[in-house]
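As structure tokens, the structure follows; a few thoughts come after it.
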Amino acid sequence: MKPGLSLRISQQLALTPLLQQSIRLLQLSTLELDSEVEQMLDDNPFLERDDDGAARDEFGLARADTRVSEGDRISENADDASADTNADTNADTSIDTSADFGEHGTQPENWDGDGSMELAPDDGEWGGEAPARGADASHDDDDADPAERVSGHESLAEHLHRQALALRLAPEDAAALRFLIESLNDDGYLEDSPAQLAATLAEDEDSPEQIDELIHRFTLALKLLQSLEPAGVGARDLAECLSLQLRGRQAERGVGAAEQALLATALQICAQHGAIELLARRDAKKMTQLIGQPEDAVRAAMQTIARLDPKPGRQFADVRHNIILPDVIVSAIGSGSASRFRVRINPDVVPRLRIQDAYAKALRGVQRADRQELTQRLQEARWFVKNIQQRFDTILRVATAIVERQRGFFIHGEVAMRPLVQHDLAEELGLHDSTISRVTNAKYMATPRGTFELKYFFGSALNTEAGGNASSTAVRALIKQLIAAENPHKPLSDQQIADILKDQGIDCARRTVAKYREHLRIPVANLRRAAA
């Protein structure tokens with residue numbers, strides 16, 4: 001085989017910095033976008049927040065923002081006129097909430113918003129001087145509001161440290177207790193034994209005396225920790241956690257003899273090997289054989305255990321981190337089948353940005369050698385604002401299409417959900433499937449029926465006898481309704497539920513019913529019968 005040269009013509013798609021930024025912003029969640037905006041504000045002097053504009057009830061993307069003046073454009077392009085000949089003189093320079101998308105959230109037709117717009121030849125001017133911004137920027141805590149810190153949430157560690165101050169321990173014991181408190185996980189469990197903790201702190205691993213001393217300190221500190229509130233904190237496993245709570249109940253004043261006997265049976269259950277698995281299955285008969293107590297007493301003890309807290313540390317979790325801020329708000333106009341639904345972007349999640357006019361005009365007086373880098377920064381700021389506008393426009397387009405497709409859900413609920421896959425929506429809107437995936441990931445919609453992730457409205461189709469399709473979400477809702485209405489003494493099996501669905505014209509196999517039931521976190525029939 002002889003080496004040779006050959007020519008070949010081919011086409012390939014190159015992701016410019018502008019398109020890369022557009023894709024990255026589109027897939028970010030609300031919190032990640034806020035971090036991205038803060039990072040850009042810190043690094044780009046041409047970008048600032050527009051805090052002067054008043055909040056509006058209606059949301060829309062500004063379509064007639066201030067144009068770049070001809071003088072500014074000429075001064076910015078002085079270094080490389082050929083590279084900037086096609087610069088976008090219509091670049092938006094602010095994000096406002098003034099324009100109305102109409103009753104049903106229909107966006108203006110002159111904006112594609114699909115992440116695939118034509119790119120001007122000057123997109124490559126960003127270069128190495130204007131790197132892409134990451135979303136993992138750290139922020140200075142010194143800027144936090146002091147009043148917010150004072151009224152902050154008390155964590156489990158802070159709650160335990162405050163109790164430990166009242167014990168008046170020796171410095172060594174206080175240090176050991178403090179170390180154990182900091183070693184707890186979010187559920188309030190101590191995952192490492194005193195021996196393991198001592199081995200990590202021992203300065204000399206070959207010194208048994210030092211390790212024994214640390215183990216002794218940690219063992220005493222563990223008993224003190226387990227005596228603090230909430231009951232069950234500091235346990236090494238679930239059985240110990242439940243036992244600590246039961247012993248705490250025994251030590252309370254006013255506990256009668258009957259309740260003491262009940263608590264003693266419950267403690268006996270927790271002490272048995274394999275009892276936790278029987279508790280999870282609510283198998284009272286095997287539990288009776290295991291501990292040798294009457295079945296009535298065992299059932300009563302199991303009910304007492306079921307009322308305990310298996311994760312005592314969770315009550316101190318900061319629920320503020322779990323609050324969902326919706327990206328889209330859907331409101332109903334009218335009632336019944338004649339209802340109309342208005343879709344709009346939540347103005348609270350939209351960053352209000354604008355270009356620093358003073359800095360942009362100052363480019364005229366900058367030395368020729370320094371103008372190129374500043375021009376790159378100005379162009380980066382303009383494209384950042386435009387990409388944010390496009391992000392929210394694309395989210396609104398997709399959300400509006402979802403509401404139109406799933407109109408039955410907003411009127412009748414889950415049982416009226418229609419089958420919908422991302423490819424169908426992508427074809428309807430003229431977008432790529434990956435764009436729909438990015439838009440619906442970690443984006444939420446507030447509706448009259450609750451707040452849902454956009455992905456919730458997508459579901460596969462199941463065949464029906466009528467030749468149509470039923471949404472998997474609607475089938476799950478039907479299964480939930482059937483189980484809620486079942487006889488508690490004769491709960492429906494998965495096969496019986498599948499037969500009922502088949503009678504209603506929905507072809508759903510038994511294993512599919514089991515999968516949907518597990519997705520709804522509903523136990524099997526025998527456990528539902530035992531719970532009743």
Side-chain angles (χ1 to χ4, degrees), residues 238 269 274-290 294-308 310 337 405-422 424 447-453 455-532:
L238 178 58
I269 291 175
I276 298 299
E277 183 179 351
L278 296 178
L279 280 171
R281 299 206 313 257
R282 298 183 178 92
D283 195 339
K285 292 184 178 180
K286 287 189 177 180
M287 188 72 75
T288 300
Q289 299 173 1
L290 183 65
E295 185 173 345
D296 293 341
V298 170
R299 289 186 180 276
M302 291 174 65
Q303 292 178 359
T304 300
I305 295 174
R307 290 191 289 267
L308 301 177
S337 59
R405 286 289 196 100
Q406 301 293 3
R407 176 181 172 82
F409 165 80
F410 295 96
I411 297 176
H412 303 292
E414 290 180 323
V415 293
M417 190 81 80
R418 295 175 55 189
L420 181 62
V421 294
Q422 294 180 356
D424 295 341
T447 74
R449 293 188 174 274
T451 301
F452 304 92
E453 189 177 9
K455 285 186 178 296
Y456 170 79
F457 297 95
F458 295 88
S460 57
L462 295 176
N463 296 328
T464 63
E465 289 184 355
N469 294 323
S471 170
S472 58
T473 305
V475 174
R476 283 197 294 267
L478 285 173
I479 293 174
K480 187 176 181 180
Q481 288 183 0
L482 291 173
I483 293 177
E486 69 185 1
N487 184 347
H489 300 292
K490 294 182 179 180
L492 298 171
S493 65
D494 294 340
Q495 185 60 54
Q496 290 174 324
I497 294 175
D499 294 339
I500 294 174
L501 292 176
K502 188 174 183 179
D503 293 339
Q504 297 182 4
I506 300 174
D507 187 10
C508 188
R510 182 199 59 79
R511 57 181 175 273
T512 305
V513 172
K515 181 179 70 174
Y516 289 168
R517 177 182 51 74
E518 292 173 358
H519 181 271
L520 295 169
R521 297 184 178 180
I522 298 176
V524 295
N526 61 336
L527 293 186
R528 299 201 302 273
R529 181 188 301 111

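For the numbers below, each heavy atom of this structure counts, side chains included, while hydrogens, waters and symmetry mates do not. Residues take their numbers from the sequence shown, with the count starting at 1.
- Among all heavy-atom pairs drawn from M287 and L278, the shortest one is CE-CB, 3.6 Å.
- Contact between V415 and A474 at its shortest, heavy atoms only, is O-CB, 3.5 Å.
- Of the inter-residue distances, the one linking F457 atom CZ with L420 atom CG reads 10.5 Å to the nearest 0.5 angstrom.
- Taking the charged nitrogens against the carboxylate oxygens, R281 and E277 do have a contact shorter than 4.0 Å, which makes a salt bridge.
- The heavy-atom pair separating P491 from A525 by the smallest distance is CG-O, 3.1 Å.
- Between the CD atom in Q495 and the CZ atom in R511 there is a gap of 10.5 Å [rounded to 0.5 Å].
- Listed for the R299 side chain is no donor-acceptor partner under 3.5 Å among the backbone atoms of K285.
- Judged by distance alone, the side chain of Q496 and the main-chain N or O of S493 form a donor-acceptor pair under 3.5 Å.
- Expressed to the nearest 0.5 Å, how far CZ of R418 lies from CZ of R407 amounts to 11.5 Å.
- Of all heavy-atom pairs spanning A416 and G408, the tightest one is CB-O, 3.4 Å.
- When only modelled atom types and interatomic distance are considered, Q406 and Y456 share no side-chain donor-acceptor pair under 3.5 Å.
- Here the side chains of I305 and M302 are not in contact, with every heavy-atom distance at 4.5 Å or above.
- With hydrogens and angles disregarded, no donor-acceptor distance shorter than 3.5 Å links the side chain of R510 to the backbone of A498.
- The pair E414-K480 does not count as a salt bridge, with every side-chain nitrogen at least 4.0 angstrom from each carboxylate oxygen.
- In this structure, NE2 in H519 is found 8.5 Å from OG in S472, a value given to the nearest 0.5 Å.
- Interatomic distance, L478 CG to T473 OG1, rounded to the nearest 0.5 Å: 11.0 Å.
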Inset, instruction - Show your reasoning for whether side chain to side chain contact (heavy atoms under 4.5 Å, CB included) applies to I483 and L520. - result: CA-CA 11 Å; I483 293 177; L520 295 169; over 6 Å; no

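- A donor-acceptor pair under 3.5 Å links the side-chain atoms of R517 to the main chain of I522, judged by distance alone.
- At least one donor-acceptor pair closer than 3.5 Å links the side chain of R528 to the backbone N or O of L492.
- For the side-chain contact (heavy atoms from CB on, under 4.5 Å) with I500, the qualifying choice from I479, L482, I506, V513 is L482, the only one to do so.
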